[in-house]
Amino acid sequence: MTEESEPGAGDDPERAGADDVVRRERFSGGPARGFLSSMDDDERIFAADLAVDRAHVVMLAEQGIVDEEAAGTILAAVDDVAAAGFDALPDGEDVHAAIETAVIDRVGDVGGKMHTARSRNDEVATCIRYRLREDVLDAIETTLALREALADAAGRHAETVMPGYTHLQPAQPTTVGHFLLSYEGAVARDTERLFDAYDRVNRSPLGSAAFAGTPFDVDRERTADLLGFEGTVANSMDAVSTRDFLVEVVAALANLAATVSGLAEDLAVFSNKGLVELSDDYSSTSSIMPQKKNPDTLELVRATAGDAAAGLNGLLTTLKGLPRAYNRDLQKATPHAWDAVDAVTEAVEVAAGAAATATWDEAALADAAGEGFSTATGVADLLAMQGVPFRKAHEMVANAAQRAGDASENGADYAALDAAAESVLGESLDTYVDRESVEAALDPEASAAARDSAGGPAPEAVATVRSDAEASVEADADALAAERDALASADERLRTEVSRYD
Ligand code: ARG
């Protein structure tokens, strides 16, 4: 170690060497060394950078920018750096500088040709996109698992009647299948948003150099193809500057986390009411109260929405007002995306497990379904079907509810309704509708079954939505597999091209 290369504040004493090829002696020391470094976050893009290096060198050779022998030497050194692993990298300002340093350490000056016609600016943007693709596909996969769990449970409970709530107050009877598919539909849109974001992540900035392009005859389409990108980000200044693709991904994740936080909240509330029981695997207990079984996992799922929203806010705040082109602020934008994708993917996985293994208590649900006179709307609908204006029918049933007061937990019975009819409509109830139909309307199960409009809680309506949901999960799984295949075959292509230089 030379004097200048003594570790400064924030340096990693574990790493060999100190002066990377970028900083050299002039910028090698100083108290801000550690502050400048992104090495801790860069492990995540180590493999991405190796792929980007390989694709770039292959393209340089194909274009005659470096000769084949030099390309072969560099590619062999890159393989060697890959085999040694991230922890063996020399110290550096970031993984890009450290890998380049490691290549030059191995093969000498010829290694310095690797960085021809590029900059760390296009390099890092490419690496982030390359790695993020995998993460977005993993996140999509967990949304599919959750949707499958919801659709499966909906199939088991298409006919299980339950109370439906608005304002957390009993509102109308529904079915568990209907409730679960309401979340499946929402998560399906989250899947769609992630796919949509993926398409724009999947563009290559490589070949833009610092921002102003390069006088070398680079083939940007070629490196894009070797790295599995669907084309390039055309304008070289835009390509190195933009992180809008991070915003799109984190926004989609934040919305997904918000969706799932609602599911977690509902399940926690329902378990509090004894309507559903969480599996022990997704529960926790108290260190002092031995009887406790708490929905801690759901609470952490719920809280993840806060982390994701904070990440989105942090990211946008970092990006706001950044001038063209590259600014080092961008280094701090990236970890927001890694944090969000990790946290949300894990939370969705846990939510899927909790939903799949929860036990719905059919008897308790049936008992609760009629609570709070939740069938009142059904009685008003019945009268409206007989030609009573809905507003009048609403007034009459409200009158009955008032008569029943708090005396009956489940609201007005036939007698109260009949009295209300006399008072509000001026006729007895059986003038409008027979008693049997009124009793049926007061029954939660019959009430839910009667709501058979498209997308409603009736078992047939639930079955239709469920089979559509299953078909859409399948279609999304096919689309996911196609994206993964595209990445795998690009990987194969790159490997084959690299092997030509052996
Ligand atoms: N570590 C940097 C980042 O994440 C790489 C780019 C450095 N470029 C530069 N011009 N300083 O953004």
Side-chain angles (χ1 to χ4, degrees), residues 8 10-12 15 18-30 32-53 56 81 86 89-104 112 114-133 135 201 203-214 223 227 233 236-247 249-250 311 314-341:
D11 261 324
D12 186 345
R15 293 195 182 280
D19 297 338
D20 72 41
V21 292
V22 179
R23 294 188 309 219
R24 294 186 307 273
E25 295 200 357
R26 182 170 163 208
F27 298 107
S28 66
R33 258 180 100 124
F35 185 68
L36 278 167
S37 170
S38 57
M39 274 306 257
D40 287 347
D41 292 314
D42 284 354
E43 182 164 5
R44 186 141 185 159
I45 53 170
F46 178 57
D49 199 59
L50 295 166
V52 169
D53 287 344
H56 182 66
V81 172
F86 180 79
L89 284 177
D91 192 22
E93 194 169 272
D94 54 31
V95 70
H96 322 291
I99 290 177
E100 192 188 338
T101 305
V103 166
I104 293 171
M114 182 168 78
H115 208 58
T116 310
R118 76 171 187 194
S119 147
R120 280 185 298 163
N121 297 352
D122 59 339
E123 188 180 356
V124 69
T126 310
C127 291
I128 300 166
R129 288 169 182 265
Y130 183 95
R131 171 60 207 243
L132 188 60
R133 289 187 308 198
D135 290 316
V201 171
R203 309 263 156 198
S204 174
L206 201 61
S208 298
F211 75 88
T214 166
T223 46
L227 293 167
V233 183
S236 62
M237 192 181 300
D238 178 28
V240 301
S241 303
T242 190
R243 293 295 184 272
D244 58 357
F245 66 96
L246 293 181
V247 174
V249 168
V250 176
L315 179 57
L316 284 167
T317 308
T318 304
L319 299 180
K320 180 195 169 292
L322 283 189
R324 289 283 185 260
Y326 179 87
N327 298 273
R328 196 59 171 267
D329 310 49
L330 294 177
Q331 178 168 296
K332 286 180 88 69
T334 319
H336 288 300
W338 305 143
D339 291 349
V341 77

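Counting starts at 1 for both ligands and their atoms, in listed order.
- Atoms of ligand 1 lying under 4.0 Å from any heavy atom of Y326, numbered from 1 in the order shown and given with element: 2 (C), 3 (C), 5 (C), 6 (C), 7 (C), 8 (N), 9 (C), 10 (N), 11 (N), 12 (O).
- Atom CG of residue N327 and atom NZ of residue K332 lie 14.5 Å apart, to the nearest 0.5 angstrom.
- With ligand atoms numbered from 1 in the order given, ligand 1 contributes 11 (N) to contacts under 4.0 Å with heavy atoms of R328.
- For the pair N121 and F211, the minimum side-chain heavy-atom distance is 4.5 Å or more.
- In summary, the atoms of ligand 1 found under 4.0 Å from a heavy atom of N121, numbered by their order in the structure, are 8 (N), 9 (C), 10 (N).
- The side chain to side chain donor-acceptor pair (under 3.5 Å) test with H96 singles out one residue from D49, D53, T101, and that residue is D49.
- Taking distance alone, with nitrogen or oxygen atoms compared against 3.5 Å, S38 approaches ligand 1 more closely than that limit.
- For the pair R33 and F35, the cation-pi criterion (under 6.0 Å, within 45° of the ring axis) is not fulfilled.
- Side-chain atoms of F245 and V233, non-hydrogen and from C-beta on, never get closer than 4.5 Å to each other.
- Considering backbone and side-chain atoms alike, D94 places an N or O below 3.5 Å from some N or O of ligand 1.
- Shortest contact from atom 1 (N) of ligand 1 to any protein heavy atom: Q331 OE1, 2.8 Å.
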